2 protein chains.
Amino acid sequence: MLSKKTRYAILAMKHLSSKYGKGVVLISDIAKAENLPIRFLENILLELKKNGYLGSKPGKNGGYYLIKHPKEINLAQIVRYFEGTIALLYCVSEKAYQPCEFCMDERTCKIKSVFKEIRNYTYQKLEQTKLSDLVDLDESDSIMYSI
Amino acid sequence: MLSKKTRYAILAMKHLSSKYGKGVVLISDIAKAENLPIRFLENILLELKKNGYLGSKPGKNGGYYLIKHPKEINLAQIVRYFEGTIALLYCVSEKAYQPCEFCMDERTCKIKSVFKEIRNYTYQKLEQTKLSDLVDLDESDSIMYSI
DNA sequence: CACAATGTCTACCAATTTAGTGTACATTTG
DNA sequence: CAAATGTACACTAAATTGGTAGACATTGTG
C-alpha cells in the first residue's frame, strides 16, 4: 500500500498539472482543493521542489508551480521518490537492490523471478502514466512566468 | 515493499513444503534452516496455523506441518493475509476496498485504472505461484501422520 | 509418575516509520 | 513598513514493525 505521503504527493502534482502554465498556486489552494493537511503538504511540496519538479516564489503573491511539462513527469518517478523503491522485494529492486534472502542462486530463484515480473510490470505501467494523462490540460492561454 | 513478517512467512511455508509428507518439523529447525529469529517465527507459525495452513503437534517429538498440499497454497494467499491487501491503493483493493480519494468519478479515474491494472497483474502472478513451484517435492516416500 | 521437549498464550517492549505540528524566520509585494 | 507568503528545522504523537519474556499446556519416554 502506498503511504499517505506518496498519495498526497500525487494529488498535489496532479493539481499543479491542472494549473500548468497559469502562474503560481498557493499551498493553501492545493490543500483546500485536494483536501490535504496544509502543514504536511508544505513538507511534501518542499521535497518535490528539492527533487527538481517544482519551483516556488516566496512572499506575497507567491506559490508553487510545476517546472517541467506535465507530460515529462510520470508516476514512477513520484512513487519511487517517496516509497524508496517500486519493488516488493529488495532483490528485484533497481534502486534499492540487496541480495536475495530467499535463495542461494538468484539466477534460478522462482520467488525472485515472480516478484521481478511484478516489479517490471508495475514500473512500466507507472512510467507510462504521465501527469498530463491525469488532467485536462488547457494550453491555449498559457502565460510566461516572470520570476 | 513486503514486511519481514510476510517474507519470513513465505520462507517458513517454503521450508515446510519441502518437508511435506515427511512428518513434523521443529520450529527451531525452520529457524535454523531459513535463518529466522525463532521467537518471532513462533508467532508467525501460530498465525499460519490459525489461518488453516498449518497443523501442529505439541509436546515431545512435536512440530509443525503443512495441512494442504503445496500445490494448493499460493503466494497471493500468504501476501494478502500478512499485508492485508495486494493493492497499492484502497480503491483498487478487493479485500480492503475504500472509496477513491483521487477522484470524483471512480469509473473514469485514470489513477485508479492504472493501479487497478497493477493490482490485477500482481494478484494473478502471485496466485499462479504455488508453494509446490518453489521447492522440489519428493512424494515417493511420503508417510501418513499419526496424530 | 516425573521430566524433558516441545508448542501456546498473553503480554510486553524498543525501534522505526508515519503523519503530522510548532515556532521562528526569510522573502516579496504593495 | 506590513501583510502574505514560502522555508527551515525541530519536535511529537500514534501506529506499525519486529521482535522478546515468561508462564503454561501437552506429549512421549523411562
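Predicted model only: the values in this text are computed from it and were never measured.
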Can you give each donor-acceptor pair under 3.5 Å made by side-chain atoms of residues 117-126 of chain B, sequence neighbours left out, with the distance rounded to 0.1 Å?
unit_1, atom_1, unit_2, atom_2, d
B/Glu117, OE2, A/Lys125, NZ, 3.3
B/Thr122, OG1, B/Ile118, O, 2.8
B/Lys125, NZ, A/Glu117, OE2, 3.3

So, does [X] get its side chain near the phosphate of [N], meaning an N or O under 4.0 Å from OP1 or OP2?
| X | N | answer |
| --- | --- | --- |
| B/Ser56 | C/dT8 | yes |
| A/Lys4 | C/dT17 | no |
| A/Lys5 | C/dG20 | no |
| A/Asn61 | D/dT5 | no |

(request) Answer with yes or no whether the hydrophobic clustering places B/Ile38 together with B/Leu16; edges join I, L, V, M, F, W, Y residues whose side-chain heavy atoms lie under 4.5 Å apart. (result)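 Both belong to a single hydrophobic cluster.
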(message) Between B/Leu11 and B/Val135, is there shared hydrophobic-cluster membership here, with clusters defined by ILVMFWY side-chain heavy atoms closer than 4.5 Å?
(response)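 Yes, same cluster.
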(request) Compute the ring centroids of A/Phe40 and A/Tyr8, then answer whether they are less than 6.0 Å apart. (result)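 Under 6.0 Å, so yes.
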Between [N] ([atom2]) and [X] ([atom1]): distance, integer Å:
| X | N | atom1 | atom2 | result |
| --- | --- | --- | --- | --- |
| B/Leu26 | C/dA4 | CG | C1' | 13 Å |
| B/Ile44 | D/dG19 | CD1 | C1' | 10 Å |
| B/Glu42 | C/dT10 | CD | P | 15 Å |
| B/Phe40 | D/dA21 | CZ | C1' | 16 Å |
| B/Glu47 | C/dC9 | CD | P | 12 Å |
| B/Ile27 | C/dT8 | CD1 | C1' | 9 Å |
| B/Lys32 | C/dT6 | NZ | P | 10 Å |
| A/Leu2 | C/dA19 | CG | C1' | 15 Å |

Below 3.5 Å between N/O atoms, which protein atoms pair up with nucleotides 23-26 of chain D? Just atom names and distances, please.
unit_1, atom_1, unit_2, atom_2, d
D/dT26, O2, B/Gly59, N, 3.4

(request) Tell me which of A/Pro37 and B/Ser28 sits closer to the 5' end of DNA chain C, going by the nucleotide each one is nearest to. (result)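 Checking each residue's closest nucleotide, the 5'-ward one belongs to B/Ser28.
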(request) Starting from the C-alpha separation in whole Å, work towards a yes-or-no answer on side-chain contact (heavy atoms from CB on, under 4.5 Å) for B/Glu94 and B/Arg80. (result) CA-CA 10 Å; B/Glu94 292 290 320; B/Arg80 179 179 274 160; 4.2 Å; yes
(request) Answer yes when A/Lys116 and A/Glu106 have at least one side-chain N-carboxylate O distance shorter than 4.0 Å, and no when they do not. (result)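 No.
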Show which side-chain atoms of residues 23-33 of chain B pair as donor or acceptor with protein atoms under 3.5 Å away, not counting sequence neighbours.
none

(message) Counting the atoms with a prime plus P, OP1 and OP2 as sugar-phosphate, which does B/Leu45 contact under 4.0 Å by heavy atoms, base, sugar-phosphate, or nothing?
(response)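 Nothing, no nucleic acid heavy atom in range.
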(request) Look at all strands and tell whether B/Tyr8 reaches a base, only sugar-phosphate, or nothing, counting heavy atoms closer than 4.0 Å. (result)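 Here B/Tyr8 touches the backbone only, sparing every base.
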(message) Ignoring hydrogens and geometry beyond distance, is the side chain of B/Asn43 in donor-acceptor contact with the base of C/dT8 at under 3.5 Å?
(response)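 When only heavy-atom distances are counted, B/Asn43 does not reach the base of C/dT8 through any donor-acceptor pair under 3.5 Å.
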(request) Could you check which of C/dG7, C/dC9, D/dG18 has an atom nearest any side-chain atom of B/Lys50? (result)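 Of C/dG7, C/dC9, D/dG18, C/dC9 is nearest to the side chain of B/Lys50.
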